[in-house]
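Report on one structure; see the data block that follows.
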Number of protein chains: 2
Amino acid sequence: MTDRATQTPPDAPERRRLPPAERRRQIVEGAVTFFADVGLDGTTRDLARRLGITQSLLFNYFSNKAEILEAVYEHVYLDRLSDDWPHFLTDRSHPLRARILTFYREYSRLIFEYNWMRIFMFSGLAGAELNRRYLHHLGTVILRPLLEELHASAPGPALPQMEDIWNLHGGIVYIGIRRHIYQMPTPEDPTEAIERAVDRFLGSYGLG
Amino acid sequence: MTDRATQTPPDAPERRRLPPAERRRQIVEGAVTFFADVGLDGTTRDLARRLGITQSLLFNYFSNKAEILEAVYEHVYLDRLSDDWPHFLTDRSHPLRARILTFYREYSRLIFEYNWMRIFMFSGLAGAELNRRYLHHLGTVILRPLLEELHASAPGPALPQMEDIWNLHGGIVYIGIRRHIYQMPTPEDPTEAIERAVDRFLGSYGLG
DNA sequence: TAAATAATAGATCATCTGATCAATAAGGTT
DNA sequence: AACCTTATTGATCAGATGATCTATTATTTA
């Protein structure tokens, strides 16, 4: 910031004139971690500084800040809910326990990520419709079928309700919240904790 | 905002000159819901507008915005963790199940509240030390003793770990997150869902 | 090598935002 | 009723912020 006049500042590469597609990609990826760090109220100047470009350049690729945030959402929400999971979860050729464990192993690997977790929370607090859509989708496409699978498999009279599925889900997701939102220590690998949570849940419906 | 000159605007009471203590209290309470709504980046002008006072008046009671936020934290974090709970939870003259259920009935009543839930989340995302202190306190003063009570009561060889307690806790807290952060529909009264979650948990350690 | 293209930087604008301060007036006191 | 204290207001400042526009200059093309 001091010797900006020198041709090659100490650490900043001072590279310029990237192909537009690549620059745009660089901006979006930088914006994702930037807004994940500081929140959606982060300034375009700080974002530009972090990217090593000028603030005005941002507006050459996006007509306003809201458009940058849209690109961030798109980049972050993309492929977070695989279309395979509903089929996989209802594929009764595998034991239900294995299906659930495989799902949550995959799912937690995808969402226990700093950028996702925080941008999801920031936009949730901002009241973004996107969050409700995502959760509604999660509920109808994954958790609801999961409930039906449990009803089909449970031997006893005790059957889970939808709210119980949300409880199972929430207990697992809470690991990611503790880690990335509250920045508390959590198990490095959550797999075992998830496995025990799932087994407690299944066990209580006679699905040990 | 249009006819501010008229002596008594249509709806605004245009009252002035409250006793300082009362005005301060009014500001803090207004600030709590204001910042819970819009986030900690909400402007002092919007806050003043909501309170029906001028922006400059805020700085007569607080020397800067950070001081307002401190008062908000203090007001919101106050008495959220009762000192009675540790004693109550370890009082073996009552059945463990009743102790846990009573605790979570009380606790959920206290924290499943719009202002608390959102300010806790906003400040957590902002990296506030206060959140980590709160959660650390919760862990050592409530959840850890709870774990020990479970170890003392569980008949079988299977014993919960601390991470399992966090899972129980997270699953319950997640109801409040869904309601107040994601603004999704949740059971009006979470008591039954909590009861079932606790029973699943206890059952899996032979404490049915 | 010279010209053309367009990615990037720098300057600038209008508005917003936290904060200050002198002027005003509400409510109590005598 | 006149006075006094001080809660409250209105004007204002400096810096921050989103956005625009023109000047540069890296890279390609002829």
Side-chain angles (χ1 to χ4, degrees), chain A residues 1-9 12-31 34-35 37-73 122 126, chain B residues 1-9 12-31 34-35 37-73 122 126:
Chain A
M1 201 122 112
T2 46
D3 50 352
R4 211 82 179 93
T6 57
Q7 291 229 348
T8 309
E14 185 78 21
R15 63 191 150 186
R16 297 183 6 181
R17 204 176 180 84
L18 294 189
E22 188 176 341
R23 175 68 81 192
R24 190 191 154 93
R25 197 182 48 77
Q26 178 213 7
I27 290 177
V28 172
E29 288 182 6
F34 172 72
F35 287 116
D37 278 343
V38 307
L40 311 181
D41 291 315
T43 72
T44 55
R45 276 178 175 77
D46 286 341
L47 168 58
R49 195 169 306 137
R50 182 183 287 206
L51 288 165
I53 62 178
T54 51
Q55 182 237 7
S56 60
L57 186 57
L58 294 173
F59 293 91
N60 205 302
Y61 290 88
F62 303 91
S63 63
N64 49 45
K65 184 184 165 180
E67 220 172 71
I68 302 180
L69 285 175
E70 276 178 43
V72 166
Y73 288 149
F122 274 124
Chain B
M1 202 125 109
T2 47
D3 49 353
R4 212 82 178 94
T6 58
Q7 290 227 351
T8 310
E14 184 78 22
R15 66 190 148 190
R16 299 183 2 181
R17 206 176 180 82
L18 294 190
E22 189 177 341
R23 176 67 83 191
R24 191 194 152 92
R25 197 181 47 76
Q26 178 212 7
I27 291 177
V28 172
E29 286 181 8
F34 171 73
F35 288 117
D37 279 343
V38 307
L40 310 182
D41 291 315
T43 72
T44 55
R45 276 179 176 77
D46 286 340
L47 168 58
R49 195 169 306 138
R50 182 182 286 207
L51 288 167
I53 62 177
T54 48
Q55 182 237 8
S56 58
L57 186 58
L58 294 173
F59 292 91
N60 204 304
Y61 290 87
F62 303 91
S63 63
N64 49 46
K65 185 184 165 181
E67 221 172 69
I68 302 180
L69 286 176
E70 273 177 45
V72 166
Y73 289 148
F122 275 123

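Throughout, a chain's letter reflects where its sequence line sits, starting with A, and its residues are numbered from 1.
For B:Asn64, there are no side chain to side chain donor-acceptor pair (under 3.5 Å) partners two or more places apart in sequence or in a different chain.
Looking at B:Arg24 and B:Phe62, their side chains come closer than 4.5 Å, going by heavy atoms from C-beta outward. Using a 4.5 Å heavy-atom cutoff, the side chains of A:Asn60 and A:Arg23 are not in contact.
Note: CZ (B:Arg24) to P (D:dT6) measures 18 Å, nearest angstrom. Remark: P of D:dG10 and CG of B:Asn60 are 15 Å apart, rounded to the nearest angstrom. One interatomic measurement links the two molecules: CG of B:Leu57 to C1' of C:dA19, which rounds to 14 Å at whole-angstrom precision. Rounded to a whole Å, the CZ atom of A:Arg49 is 13 Å from the P atom of C:dG10. Remark: P of C:dG18 and CG of B:Leu47 are 10 Å apart, rounded to the nearest angstrom. The separation between A:Glu22 atom CD and C:dA6 atom P is 18 Å, rounded to whole Å. Here the P atom of nucleotide C:dT17 and the CG atom of B:Leu40 are 15 Å apart, to the nearest Å.
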Side chain to side chain contact (heavy atoms under 4.5 Å, CB included) between A:Leu57 and A:Leu51, intermediate numbers included: CA-CA 11 Å; A:Leu57 186 57; A:Leu51 288 165; over 6 Å; no
Name every donor-acceptor pair, under 3.5 Å, that has one atom in a side chain of residues 38-47 of chain A and the other anywhere in the protein, sequence neighbours excluded.
| residue | atom | partner | partner atom | Å |
| --- | --- | --- | --- | --- |
| A:Thr43 | OG1 | A:Asp46 | N | 3.1 |
| A:Thr43 | OG1 | A:Asp46 | OD2 | 3.3 |
| A:Thr44 | OG1 | A:Gln55 | NE2 | 3.1 |
| A:Asp46 | OD1 | A:Arg49 | NH1 | 3.0 |

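A rotation axis mapping the C1' atoms of four pairs onto the next four is fitted at both ends of the helix from C:dT1-D:dA30 to C:dT30-D:dA1 over five pairs, and the angle between these axes is 0° to 10 degrees.
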Contact pattern, 5' to 3', of nucleotides 22-28 of chain C - B, S or - by protein heavy atom under 4.0 Å: ---SBS-
Mind listing the N/O atom pairs, protein and nucleotides 21-23 of chain D, below 3.5 Å?
none

Please tabulate, one pair per line, each protein N/O and nucleotide N/O from nucleotides 14-18 of chain D that are separated by under 3.5 Å, including the distance.
| residue | atom | partner | partner atom | Å |
| --- | --- | --- | --- | --- |
| D:dG18 | OP1 | A:Lys65 | NZ | 3.4 |
| D:dG18 | OP2 | A:Thr44 | N | 2.8 |
| D:dG18 | OP2 | A:Thr44 | OG1 | 2.8 |
| D:dG18 | N7 | A:Arg45 | NH1 | 2.8 |
| D:dG18 | N7 | A:Gln55 | NE2 | 3.4 |
| D:dG18 | O6 | A:Arg45 | NH2 | 3.0 |

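Listed pair A:Tyr61 / C:dT8 meets the phosphate criterion, a side-chain N or O lying under 4.0 Å from OP1 or OP2. Checking the phosphate oxygens (OP1, OP2) of C:dA7, no side-chain nitrogen or oxygen of A:Arg23 falls inside 4.0 Å.
Among the heavy atoms of the strands, none lies under 4.0 Å from B:Phe62. A:Pro20 comes within 4.0 angstrom of the backbone, heavy atoms only, and of no base.
Scanning all heavy atoms of the two residues, the minimum distance from B:Glu67 to B:Tyr61 falls at OE1-O, 4.4 Å. Between B:Ala48 and B:Leu58, the shortest heavy-atom contact is CB-CD1, 4.1 Å.
Here the CZ-CD1 distance, from A:Phe34 to A:Ile27, works out to 13.0 Å after rounding to the nearest 0.5 Å.
Listed for the A:Glu22 side chain is no donor-acceptor partner under 3.5 Å among the backbone atoms of A:Leu18.
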